[in-house]
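Shown next, in structure tokens, is the structure this report addresses.
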Amino acid sequence: MPDSLCFKPLRSSRGSIWKYLQCGQYGRTGDSLHHFPPAFFFNSEPEEVLSIDEPSASADEEMDSAILFGVMRGNVVGLSYYTGVVNNNEMVALQREPSNPYDKNAVKVNNVNGDQVGHIKRELAAALAHIMDSRLAKVEGVVPFGAKNVFTMPVQLSFWGKDENRQVVLNHLKQYGFKLDPMAKGFGSNWITKRAGPSYSAPVLPAVQMSAEQLMTEFDKLFEDLKEDDKTREMEPAEVVGTPLLPHQKQALAWMVSRENSKELPLFWEQRNNLYYNTLTNFAEKEKPENVLGGILGDDMGLGKTLEAIALILTNFHDGKPLPVEKRENDQSYQKCNVTEKPEKCEKGNTNKLGKRKCEKGISKLHKEATCSFQKDTDFDLALAEPATKVKRKAMKKGAIVSQCSAKVVSEKKTRATLIVCPLSVLSNWIDQFEQHVKPTVHLNIYVYYGPDRSKESAVLSKQDVVLTTYSVLTHDYACRSNSPLHKVKWLRVVLDEGHTIRNPNAQQTKAAVDLEAERRWILTGTPIQNSLKDLWSLFCFLKLKPFADREWWHRTIQRPVTMGDQEGLRRLQALVKNITLRRTKTSKVNGKAVLELPERKVFVQHITLSEDERQIYESVKNESSAVIGRYFNEGTVLTHYADVLALLVRLRQLCCHPHLAKNTSFSGIPGDSTPEELQEKLVNKIKLVLSSGSDEECTICLDSLTFPVITQCAHVFCKPCICQVIRSEQVSALMHSLTELRKKNPMIKSLIVSQFTAFLSIIETPLRESGFVFVRLDGSLTQKKRIEAIQCFQSSAPESPTIMLLSLKAGGVGLNLTAASRVFLMDPAWNPAAEEQCFDRCHRLGQKKEVIITKFIVKNSVEENMVKIQDKKRELAAGAFGTKKMSSSEMKQAKIKEIKALIDI
DNA sequence: ACCGCCGGGTGCC
DNA sequence: ACCGCCGGGTGCC
């Protein structure tokens with residue numbers, strides 16, 4: 001529930017290696033861990049690997065390192081005043097109620113469902129209030145017995161907190177005459193282990209725990225066998241899916257359909273008599289808990305998650321029947337009612353109709369809707385008077401069509417629309433894929449909810465087959481939810497593409513997504529967990545996974561046990577993830593055959609030697625940088641100057657690419673002293689100066705006044721002819737050589753040229769042009785529209801289409817499909833090997849027919865070589881993460897300092 | 001009748 | 001509500 005998301009204000013916490021390593025504990029305790037491919041859990045993120053750790057401050061992070069102070073018995077009173085009921089051994093939540101008019105110390109006791117059971121007895125509440133308010137300890141309760149009492153019942157309280165608060169808590173309780181039992185021996189062992197036990201520190205009670213464990217193991221096994229079977233069954237998609245599915249895609253479809261139609265109880269629930277029990281919390285209720293009608297489709301990039309989702313939408317409507325779609329009788333109707341304009345050319349906010357490709361401009365959406373929907377009589381006639389009427393009459397004679405119509409009429413009352421939320425960068429991909437995979441004889445109503453003219457009528461959205469929108473729009477709308485049709489419609493299905501974008505539970509976009517109302521919920525992501533176990537929680541919240549959507553139950557039943565190394569907790573987590581996730585990697589097998597048979601991929605490293613001049617500049621800047629960083633080391637302030645240090649390193653890397661990238665710094669004294677803003681300002685001022693003063697500025701190459709002045713990133717002004725000549729003669733030529741050779745061999749081969757520095761891409765443009773290469777460019781500065789244009793242009797197989805794409809490493813992120821390219825030139829190494837891999841995958845993915853050859857340029861004897869060494873280490877680290885012990889933050893800092901030293905050879 | 005005892009009214013925080 | 005607590009009724013054994 002959204003409430004739990006707002007539970008406590010937290011700093012926005014990005015991942016860190018610390019958290020990543022914390023997860024290493026899975027491996028320490030788990031013997032059955034091979035079920036989780038490591039990549040599923042740990043995916044290091046490019047920009048985070050060398051980022052500074054923020055101090056751990058948030059409430060829930062405190063809980064991660066909490067220890068058990070002890071336990072005590074208390075009483076819950078006033079039971080007869082409240083509706084909440086509990087079972088013996090059921091977990092309860094304690095909640096302060098400072099506004100209580102009878103006692104400002106009041107502490108409420110709620111059951112797992114959030115219903116109030118009673119209050120903590122006054123005297124005890126007086127002692128607890130301060131502890132809870134000051135967060136000296138988290139107090140958790142279990143009702144050991146007496147759950148059916150009418151007036152009062154006992155409650156076993158356990159106190160968890162930071163070690164340093166332990167004594168404070170004990171003393172405070174003592175003042176009120178209470179005392180904590182250490183919990184180690186005997187006390188309460190019966191009640192605590194029997195059911196709710198495993199969530200507590202497991203090792204103290206081995207004997208009793210074993211039996212509980214064994215029980216669960218048996219249960220898990222049963223469950224696993226069942227589910228594994230479920231995941232290998234294949235299913236044919238609805239007839240209207242025009243693309244044949246690969247075996248693993250049919251498996252995904254079968255699994256997704258079975259998830260959506262599941263009548264089973266959710267995991268960890270069982271029926272006893274007339275009640276449904278949650279075996280983790282011992283909560284019970286009369287009403288059957290809803291299973292998650294959905295889950296996480298965690299297939300690797302390139303396996304076809306989009307197609308799998310489209311197949312699902314078309315195949316599984318209500319009662320296991322396909323979505324009743326409007327059939328187009330023949331091509332005539334298509335022609336007649338079509339404005340053949342490409343959706344890509346639509347203005348923002350317009351409706352893109354599949355197959356129809358109708359773009360609306362200014363006219364009301366409803367009106368436009370009518371243009372092609374020949375089952376809506378009035379609208380239809382209005383918009384498309386004569387010819388379509390004929391089409392329709394003709395159509396109505398056909399039985400198939402009639403039944404389609406009636407099916408539609410019946411289903412009209414049922415929730416119909418699927419909402420797809422995705423990052424802007426893949427929005428057009430969805431449109432393309434719908435167009436590609438839905439038979440052209442079918443008309444699907446697709447509404448792109450984006451742009452200033454998007455309809456605010458929820459009725460418009462709810463009658464679509466598919467509504468596409470972006471996370472930004474979703475979040476924006478959520479801010480004024482009363483006016484957001486997205487948050488009013490009761491969706492048949494909500495699909496979050498690149499669903500890991502909601503992994504931060506405090507982010508507005510997470511809340512906006514969780515707040516959507518839907519019968520079925522899906523998360524598509526290649527990386528369900530990026531940094532730690534916590535990432536999963538948001539996803540579970542979105543899926544409305546009972547009772548884990550509430551932070552407390554998630555924490556007590558899963559997160560803490562797992563973090564504390566409890567086997568039981570690990571098994572629960574494992575079962576849970578397996579239950580709702582389908583994950584195949586590129587190397588997964590279906591019936592002994594690889595899921596995806598991609599052409600081979602080869603990576604070559606080409607070492608570059610800097611020219612005499614370049615080496616000179618490099619060395620001088622390097623010495624300067626080393627001196628500055630060395631000073632920081634001596635002062636012990638490396639980490640406080642981290643940003644500066646990074647800037648210096650970036651300069652060095654830029655120098656490896658091209659001296660002009662960092663030219664200003666090599667002349668301007670202390671490197672790293674200008675922020676990007678200052679740089680920007682400098683540049684603007686320079687341009688102003690040049691423009692205002694005519695051309696009295698000198699070109700530093702010909703030392704004459706400027707002809708055709710151009711300005712570089714580093715605020716240097718040259719004559720265009722001069723700088724072109726310089727660039728041509730300089731050693732970017734390793735690339736040019738390869739490209740020219742390649743063109744000689746096969747002029748049709750397309751290449752990606754990748755760099756992290758867009759300025760470097762700009763420099764490369766010149767010799768490319770000179771040599772007559774046709775190229776496009778894709779970087780972060782392009783608008784969505786231009787991006788699509790660039791990609792389409794590049795992907796085109798037309799003879800005059802560009803053969804080269806200049807790509808900035810971070811542009812577009814995941815999801816880009818650049819399979820037209822079969823060569824990649826990586827001009828400079830990235831901090832993180834994963835970022836490079838992701839980039840290679842943009843062309844080495846489904847649809848690639850050719851062998852992919854990747855060339856990495858590495859400058860000899862430079863910061864780049866050192867980076868490659870660190871990359872290798874990181875790969876090792878990631879591979880062995882399971883066995884690694886938790887690093888403290890000071891160890892982490894040491895590791896970072898070491899890294900910096902290694903980079904600049906100090 | 002300054003106590004004890006009895007039995008009815010009453011009851012979370 | 002099988003308790004405790006309160007306060008009124010009551011009063012030899």
Side-chain angles (χ1 to χ4, degrees), chain A residues 1-4 6-9 59 63 69-161 165 168-181 187-188 190-192 195-196 275 278 281-286 547 550-553 555-556:
Chain A
M1 38 197 58
D3 238 341
S4 56
C6 318
F7 187 48
K8 270 154 204 168
M63 284 309 292
F69 294 165
V71 299
M72 67 174 286
R73 177 68 55 80
N75 282 299
V76 187
V77 297
L79 304 181
S80 53
Y81 296 91
Y82 306 99
T83 55
V85 290
V86 290
N87 292 299
N88 288 344
N89 292 314
E90 181 168 336
M91 295 182 175
V92 288
L94 270 63
Q95 186 188 15
R96 278 281 287 124
E97 191 189 19
S99 62
N100 188 300
Y102 304 96
D103 184 359
K104 62 177 169 38
N105 293 325
V107 176
K108 291 208 286 182
V109 177
N110 301 333
N111 71 11
V112 174
N113 226 17
D115 301 322
Q116 185 169 358
V117 178
H119 277 103
I120 291 291
K121 207 165 152 47
R122 196 183 196 103
E123 299 79 8
L124 180 54
L128 294 186
H130 172 247
I131 292 172
M132 293 175 74
D133 292 343
S134 325
R135 298 218 183 118
L136 290 169
K138 175 92 177 71
V139 189
E140 299 181 350
V142 173
V143 175
F145 54 84
K148 299 292 166 259
N149 291 0
V150 188
F151 304 102
T152 70
M153 58 173 66
V155 60
Q156 195 72 9
L157 302 177
S158 36
F159 292 68
W160 299 82
N165 290 331
V168 186
V169 169
L170 291 176
N171 291 343
H172 182 80
L173 286 171
K174 202 172 173 184
Q175 283 177 20
Y176 288 81
F178 297 105
K179 177 172 153 282
L180 290 189
D181 290 286
F187 184 82
N190 274 339
W191 65 264
I192 215 164
R195 278 264 159 211
L275 291 177
N278 183 281
T281 60
N282 287 312
F283 174 76
E285 60 184 349
K286 265 216 180 71
D550 185 309
R551 186 176 231 128
E552 174 156 356
W553 310 121
H555 204 270
R556 286 174 69 173

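Just so we're on the same page: letters track the sequence lines, and every chain starts at 1.
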Centroid under 5.5 Å and tilt under 30°, A:Tyr81 to B:dC12: yes
Pair partner, C:dC3 [Watson-Crick or wobble, under 3.5 Å]: B:dG11
Donor-acceptor pair (no angle test) under 3.5 Å: A:Asn100 side chain, B:dC13 base: yes
Protein-nucleotide distance (A:Tyr102, atom OH; B:dC13, atom P), rounded to Å: 12 Å
Rounded P spacing from C:dG4 to C:dG9 in Å: 26 Å
Touch class at under 4.0 angstrom, heavy-atom based, for A:Lys108 against every strand present: nothing
A:His172 side chain to A:Ala127 backbone, donor-acceptor under 3.5 Å: yes
Protein-nucleotide distance (A:Asn110, atom CG; B:dC12, atom P), rounded to Å: 18 Å
N-O pairing of A:Lys104 and A:Glu97 below 4.0 Å: no
Pair A:Gln116-A:Asn110, side-chain donor/acceptor within less than 3.5 Å: no
Contact check, side chains of A:Pro547 and A:Glu552, non-hydrogen atoms, under 4.5 Å: no
Inter-nucleotide P distance (C:dC13, C:dG8), Å rounded: 25 Å
Donor-acceptor pair under 3.5 Å, A:Tyr82 side chain vs B:dC12 base: yes
For atom NE2 of A:His119 and atom P of B:dC12, their distance in whole Å: 11 Å
Distance in angstrom units between A:Arg122 CZ and C:dC5 P, rounded: 16 Å
Distance in angstrom units between A:Lys121 NZ and B:dG11 P, rounded: 15 Å
A:His119 ring center near A:Tyr81 ring center (under 6.0 Å): no
Touch class at under 4.0 angstrom, heavy-atom based, for A:Ile120 against every strand present: sugar-phosphate
A:Asn149 CG to B:dC12 C1', straight-line distance once rounded to whole Å: 15 Å
Taking only nitrogen or oxygen atoms into account, show me every contact under 3.5 Å that the protein makes with nucleotides 1-4 of chain C, one pair per line with its distance.
none

Interatomic distance, A:Leu124 CG vs B:dC13 P [rounded to whole Å]: 11 Å
Test salt bridge (Lys or Arg N to Asp or Glu O under 4.0 Å) applied to A:Asp115 - qualifying residues, sequence neighbours left out: none
Span that lies between the C1' atom of B:dA1 and that of B:dC5, in whole angstrom: 12 Å
Shortest non-hydrogen contact from A:Trp553 toward A:Asn111: CZ2-O, 4.1 Å
